[in-house]
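One structure is given here, and the rest of the page talks about it.
Note that the structure is predicted; figures quoted are calculated from it, not measured. Keep in mind that the numbers below use all heavy atoms, side chains included, and drop hydrogens, waters and symmetry copies. As the structure lists them, so they are numbered: ligands from 1, and atoms in each ligand from 1.
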Amino acid sequence: MRHYKNFINGGWCAPNGGKEIESIDPATGDVWAFFPRGNDVDVAKAVEAAHLAYTQGKWGSFSVQQRVDCILSLADVLEHRWSELVEAEVRDNGKRASEVEAQFAGLHTWFRYFAEQMLDIESESQQLNNQTQGVSSTAHYSPFGVIGVITPWNSPLMILAWKIAPALAAGNTVVIKPSEHASASTLEFAQLCAESSIPAGVINVISGLGQEAGEPLVKHPLTRKVTFTGSDFGGRKVAEAAASGIIPATLELGGKSPQLLFADADMDNAINGIISGIFLSNGQSCVAGSRLIVEDSIHDEVVKKIIERVSYLKAGDPFDPKTQVAPLANEMHLLKVLSMIADAKNQGAICVCGGAQQYPRDRPNGFYVQPTVFTEVTPNMTLWREEVFGPVLAVIRFSDEAEAVRLANDTDYGLAAGIWTKDETRAQRIVQQIQAGTVYINHYRSVDPGSPIGGFKLSGYGRELGPHAVKDFMQVKSVWLGTAPCSDPFPLTKH
Ligand code: NAD
């Protein structure tokens, strides 16, 4: 049984008060590890260590090149040793090992990309902005200082990399608060950080509950910016605390993403994209394409094909490469998903596939749900309006393009959307009308360091990744240089 500790100033520390959180392996239902249940005292220690590393340690005095070299040393460690992190994340959140491996094999690339981006920013910030007679100015980009980093349980380490790679490249130090449901891979990652050349105190991790450790992190007076990924409920709390401390926050929140499927689409391609959009990672993905809006004339054929493809998927041990359906991440989440399925049935949606808990022979005590499809869904139903964050697809029909767009935008969220059609003009027309931070055409789910990700409406504000990611962790400072004497504003005149 593993007992993890917090990672502060390059060392491992038991939590103040000695409390721990049980981590239950969702495939077996057994406790497999304990995380520290950190509180405000632990958070204060970590923030102060991060602040000292920024103000008095090497990190703040390093040149950009020295900082970049440290980040590249971490990238090298990750490139060679990512496989050591896989077991912790699979046992923590139950995701299939093959999916976790695919994410982790690429972890180093996020660090390399944003280190490069910082080198470009440095050369840009030395350029003259303005040169008028007797004075010139340049724009300098400065780090904020300590960044509070709060992550969810669904893809803890990949989302962490999206946040800290640009934050560190920008010259900040970080205090990370991973989800209480999946802290292990982040704590194991801290060990690899300690083995890179990043100095002590630059990266700190406090595990604990949202209210007990997350909130004090946002409220600490030395935390200068917060980057949060999680539910809109948690995001609202973080935004309120950040507002009262007048610090900026980036919020990556939930989604209820639509997939618009037109009759002229390449059907096999679309079905693959729609199935991967909702059933990969068990729908526990922020961009899960959970609402299928399908043209009337192909509705029945599409539903039949989806059922054929997902009703016999093999559930089981997430470490077994043959497993296609892994457990949901924790029991509380399983109960929430089952209750949303029950509500959908009670509200009149027709369950045409799945709709129940399942008990694989090799993992009978795990938190498994069948891939589930509902038809005859209407926009007033909870299933249409609220994020399930599970393997549940809601299907609705449309008769013309205007109705499809109206249904797609009929949500409080705005994270992603998919459009499936061979008509490029139509696709581009719809892109202009869709209220979502990412729109995929004849494709779904890609992420790349060069493409920003973030939401419209309740899906949050600010963006991660993309060409501005490093600058988002910096503040602009205008520096003016006088090259001629200042004139006297009140020259002596005789009255
Ligand atoms: P959550 O909001 O319950 O928790 C997220 C993190 O916030 C955890 O570390 C938690 O401890 C912390 N937290 C909770 N309350 C807090 C508070 N008052 N102050 C500070 N921190 C607090 O979310 P979750 O259940 O872990 O994650 C699932 C949600 O995340 C889903 O809604 C999903 O759509 C969303 N998500 C969004 C993206 C994106 O990029 N937009 C990516 C992944 C997940």
**OP:** Please name the residue in the list E212, E22, E20 that meets the salt bridge (charged side-chain N to carboxylate O under 4.0 Å, His left out) test with R37.
**Re:** E212
**OP:** Sequence neighbours left out, what pairs pass side-chain hydrogen bond (donor to acceptor under 3.5 Å, both in side chains) with at least one residue falling in residues 155-166?
**Re:** K95-S155, Q103-S155, K163-T227, K163-T229, K163-E464
Would you be so kind as to tabulate the donor-acceptor pairs closer than 3.5 Å made by side chains of residues 166-178, with sequence neighbours excluded?
| unit_1 | atom_1 | unit_2 | atom_2 | d |
| --- | --- | --- | --- | --- |
| N172 | OD1 | F144 | N | 2.7 |
| N172 | OD1 | G145 | N | 3.0 |
| N172 | ND2 | A167 | O | 2.9 |
| N172 | ND2 | F473 | O | 3.0 |
| T173 | OG1 | A50 | O | 2.9 |
| K177 | NZ | E180 | OE1 | 3.3 |
| K177 | NZ | G208 | O | 2.8 |

Original post:
Within the side chain of N272, is there an N or O that forms a donor-acceptor pair under 3.5 Å with the backbone of N269?
Top reply: no
Original post:
Applying a heavy-atom distance cut-off of 4.0 Å, which protein residues contact ligand 1?
Top reply: I150, T151, P152, W153, N154, I159, K177, P178, S179, E180, G210, G214, E215, F228, T229, G230, S231, G234, K237, V238, E252, L253, G254, C286, E387, F389, L415
**OP:** Tell me, please, which residues at least two apart from A27 pass side chain to side chain contact (heavy atoms under 4.5 Å, CB included).
**Re:** D25, P318, P327, R363, Y368
Original post:
Quick check: are there more than 12 heavy atoms from other residues, nucleotides or ligands sitting under 6.0 Å from CD of E116?
Top reply: no
